[in-house]
Amino acid sequence: MPDAVYRLDPDGRFAYLNPAAERMLGRRAEELLGRSARDAFPALRGSLAEEQYQQVLGDGRPREFHFFYEPLARWFEVRIFPDPAGAAVLFRDIDGRRRSDEERDAQLRGLSAVLEALPSPTVLVGPDGRILSANGAWTRSGEDLLPAVSWPGRPGEDYLTAMTRGLGPRAHAELTAGVRSLLGGATSSDGRTFSLDYSADGPTGPVFFHLQATRVDREGRVVITHTDVTEQVRARDDLVWKVRHDDLTGLPNRARLLELTGEALAAPGRTAGALLMIDLDGFKTINDSLGHQIGDELLRQVAGRLSEEIRPGDTVARLGGDQFVVLAHGCDASEAAALAFRLQTVFVQPFTSGEISVPLSASIGVAVARPDVVDAHHLLSDADAAMFAAKSSGRDRVHLFSPSLREAARWRLEVATRLRGDAIDQLVVHYQPVVRLDDGRIEGVEALVRWQHPERGLLAPDTFLSVAEETGQIIPITRWLLRETTRRAAEWAADGMPLRMSVNVSARHFSAETLVRDVRVALQQSGLPADQLVLELTETSVAEDPTRAEDQLSVLRRFGVRVAIDDFGTGWSSLAQLFSLPIGTLKIDRSLLAAAERVSVGDTGAVLAAIVGLTRTLGIRSVAEGIETPEHLRMVRAAGCDLAQGWLLGHPMPADRLREWVREVQRQGGDLCTLAVSGGAVPASR
Ligand code: C2E
Ligand code: CA
Ligand code: CA
């Protein structure tokens with residue numbers, strides 16, 4: 001037996017010593033046998049050892065304890081086993097071991113104090129993978145974040161086992177590999193680290209952690225911190241989300257839509273998909289008249305209804321303003337068109353905001369992916385071109401993209417560019433006579449702009465004015481027109497041919513508020529009397545903002561300028577509102593004439609008569625537009641219209657042609673109505 005052993009008799013006298021005991025006690029057996037231990041080693045009197053020995057004798061049960069023997073200043077481990085002849089005592093010097101344990105404990109206490117000072121949940125893991133110590137933050141994080149699971153582990157527990165409770169299997173595998181590479185193994189150096197980002201399920205959604213494990217000493221202990229980075233992750237995610245979504249509706253925005261479309265187009269073995277561009281009709285008017293708050297509310301509702309209508313996996317995005325786009329996967333042209341019509345039904349029920357019920361409709365452009373379209377921007381601009389075509393063919397329409405639309409889009413772009421350049425110098429004005437229905441005399445002319453395009457020839461206003469409206473070029477164009485036409489009218493008047501000049505003014509100009517000044521400058525420069533100028537405004541342009549319209553019209557009216565409402569019967573303005581404005585003339589759109597003709601051939605048309613009757617009572621003069629046949633002429637005369645305009649009476653023509661033509665009419669008596677109906681008498685006006 002390597003341990004020291006001796007035996008004592010019931011009186012505490014040495015009965016036996018082995019050689020190890022002799023060595024350890026530094027006495028020979030002959031010296032000690034038969035002597036009482038208290039006498040031989042006086043330092044034992046009243047010591048822990050003696051006390052324990054007495055107890056063993058008292059209850060007959062063995063004892064084991066550590067004992068610091070002062071004369072040697074060393075630690076011993078002592079075991080005492082009682083027997084009928086006294087007791088056997090085994091003891092060994094554990095001083096070295098005891099001291100290194102104490103050192104380690106002190107070191108551990110130091111480390112624990114450092115851990116405690118760290119704000120992040122931190123554990124110290126021993127070389128065997130057990131948690132040696134954990135700080136308060138670690139314990140609290142378990143209580144605050146993950147009360148459902150008994151996480152985190154407590155000292156003594158295996159760290160990696162404890163971590164299975166908060167972590168998914170993949171992250172756990174990564175953690176295991178990383179932590180194992182740091183633990184134990186005296187050859188590996190200190191200071192090596194491993195880090196891992198992971199998330200765990202917290203009571204209010206996922207909690208994100210940044211874990212950092214660092215080997216801190218030679219024995220292979222590792223400090224592991226778990227920093228809660230949930231807020232940073234959320235802030236970053238929020239930002240990422242914001243960059244890709246629309247604030248108002250929460251729908252994906254243009255950037256995200258393009259991303260998704262790009263992915264759909266690039267998908268291997270892709271089946272065709274489509275983009276449907278949805279543009280609300282007349283939404284600007286709603287925003288202007290009901291306010292942006294209601295406008296926003298309506299847009300959110302539209303977003304909601306559209307989202308309900310699409311198939312799972314498809315996407316609704318908002319491009320901004322009143323434009324939405326649906327990305328539909330795996331559908332061909334006819335399926336995409338069917339979807340478009342289904343999306344239109346979303347607008348059948350009016351939308352409501354508070355007490356107000358607002359009917360909405362949308363124009364939808366559909367572009368289906370083709371093999372040659374690989375770029376998301378390309379497909380989106382196809383859908384845009386189709387939507388534009390749907391818009392221009394009237395509200396509430398669906399239009400499918402075709403390459404000719406791309407041609408149209410290219411044309412619009414060319415127009416926009418050219419109008420900004422020299423095109424304004426290529427504009428020409430044609431004049432169409434406006435004729436009095438009582439005596440057939442020419443009352444005046446309407447100025448109609450055309451573009452003398454160097455390659456394409458003479459272009460009608462429809463081909464370029466809508467672009468000019470969009471780009472704002474319509475304002476300088478109209479400014480030029482006002483100068484040109486008033487100058488022309490003043491010249492004709494000086495020549496003995498006074499003709500009242502009607503000029504079309506766009507809504508855009510009206511809301512830009514430079515109209516009053518532009519008119520005044522034109523009148524001053526030309527010297528044309530103000531009452532010889534008529535401004536033609538469409539009813540929709542004044543309906544957009546009636547107060548502003550009224551202000552400007554009153555000022556113009558005070559100068560003496562006349563105001564006509566153009567295309568009456570094509571808009572939806574309130575008659576009461578319209579007639580409260582200071583207007584002098586109402587131009588009845590030719591669609592009303594055509595309608596009257598369809599309803600009752602040979603009759604004057606009750607609608608026409610009613611409108612004319614109304615204008616009469618209000619002291620407003622009426623002009624019938626689009627007189628193409630003698631029957632038209634008869635109808636509008638019978639209805640009591642004051643003036644008329646149309647191909648039967650005279651086509652629009654260039655200024656020089658017009659001057660000759662008027663002279664010719666005068667030579668033939670000046671009654672255009674009679675001349676036109678008798679046929680052939682009116683000189684060809686084209
Ligand atoms: P609008 O003001 O209603 O002009 C009348 C249009 O009807 C003219 O077409 C004219 O040529 C056409 N027209 C005249 N008589 C008849 C007829 O008997 N039958 C038919 N079917 N059509 C007839 P245009 O010149 O192509 O102008 C189209 C529109 O372009 C105008 O409609 C007006 O809204 C706009 N526009 C024309 N010139 C100007 C302009 O100088 N400034 C602005 N802002 N708009 C203009
Ligand atoms: Ca007009
Ligand atoms: Ca008109």
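We count ligands from 1, going down the list as the structure has it; atoms in each ligand are counted the same way.
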Novice: What does the 4.0 Å heavy-atom contact list look like for ligand 1?
Specialist: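 The answer is Q432, E446, L448, V449, R450, P461, D462, L465, L481, N504, S506, D566, D567, R590, E625, G626, I627, E628, G646, W647, P652, counting any residue whose heavy atom sits under 4.0 Å from ligand 1.
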Novice: If you leave out waters, which protein N, O or S atoms are less than 3.0 Å from the Ca ion (ligand 2)?
Specialist: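 Near the Ca ion (ligand 2), the protein supplies E446 OE2, N504 OD1, E536 OE1, D566 OD2.
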Novice: Can you classify the ring geometry of H651 versus W647 as parallel (below 30°), tilted (30 to 60°) or perpendicular (above 60°)?
Specialist: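 Ring orientation of H651 relative to W647: parallel.
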Novice: Is it true that, when you exclude E628 itself, more than 12 heavy atoms of the residues, nucleotides or ligands shown sit nearer than 6.0 Å to its CD?
Specialist: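 For E628, atom CD is crowded (more than 12 foreign heavy atoms under 6.0 Å).
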Novice: Evaluate the ring planes of W411 and H453, with Trp represented by its six-membered ring, and classify them as parallel (under 30°), tilted (30 to 60°) or perpendicular (over 60°).
Specialist: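 It falls in the tilted class, 30° to 60°.
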Novice: Taking only distance into account, with no hydrogens and no angle test, what donor-acceptor pairs under 3.5 Å do side-chain atoms of residues 495-506 form with protein atoms, sequence neighbours excluded?
Specialist:
residue, atom, partner, partner atom, Å
D495, OD2, R659, NH1, 2.1
R500, NE, D531, O, 3.1
R500, NH1, E443, OE2, 2.8
N504, ND2, E446, OE2, 2.9
N504, ND2, A447, O, 3.3
S506, OG, R508, N, 3.0
S506, OG, H509, N, 3.3

Novice: Between Y431 and W492, does a ring-ring contact (aromatic ring centres under 6.0 Å, His included) hold up when you go through it step by step?
Specialist: CA-CA 13 Å; Y431 299 90; W492 287 334; 5.2 Å; yes
Novice: List for me each residue that meets ring-ring contact (aromatic ring centres under 6.0 Å, His included) alongside H292, sequence neighbours excluded, and say none if there are none.
Specialist: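 With sequence neighbours excluded, H292 shows a ring-ring contact (aromatic ring centres under 6.0 Å, His included) to no residue whatsoever.
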Novice: Does one side chain, of D281 or S361, offer a donor that lies under 3.5 Å from an acceptor on the other?
Specialist: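 Their side chains do contain a donor-acceptor pair, which is all the 3.5 Å distance test asks for.
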Novice: Indicate the atoms forming the closest heavy-atom contact of A644 with I627, along with that distance.
Specialist: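 Heavy atoms of A644 and I627 come nearest at CB-CG1, 3.8 Å.
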Novice: Within 45° of the ring axis of F401 and under 6.0 Å from its six-membered ring centre, is that where the NZ or CZ of R370 lies?
Specialist: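 Not satisfied by the 6.0 Å and 45° rule.
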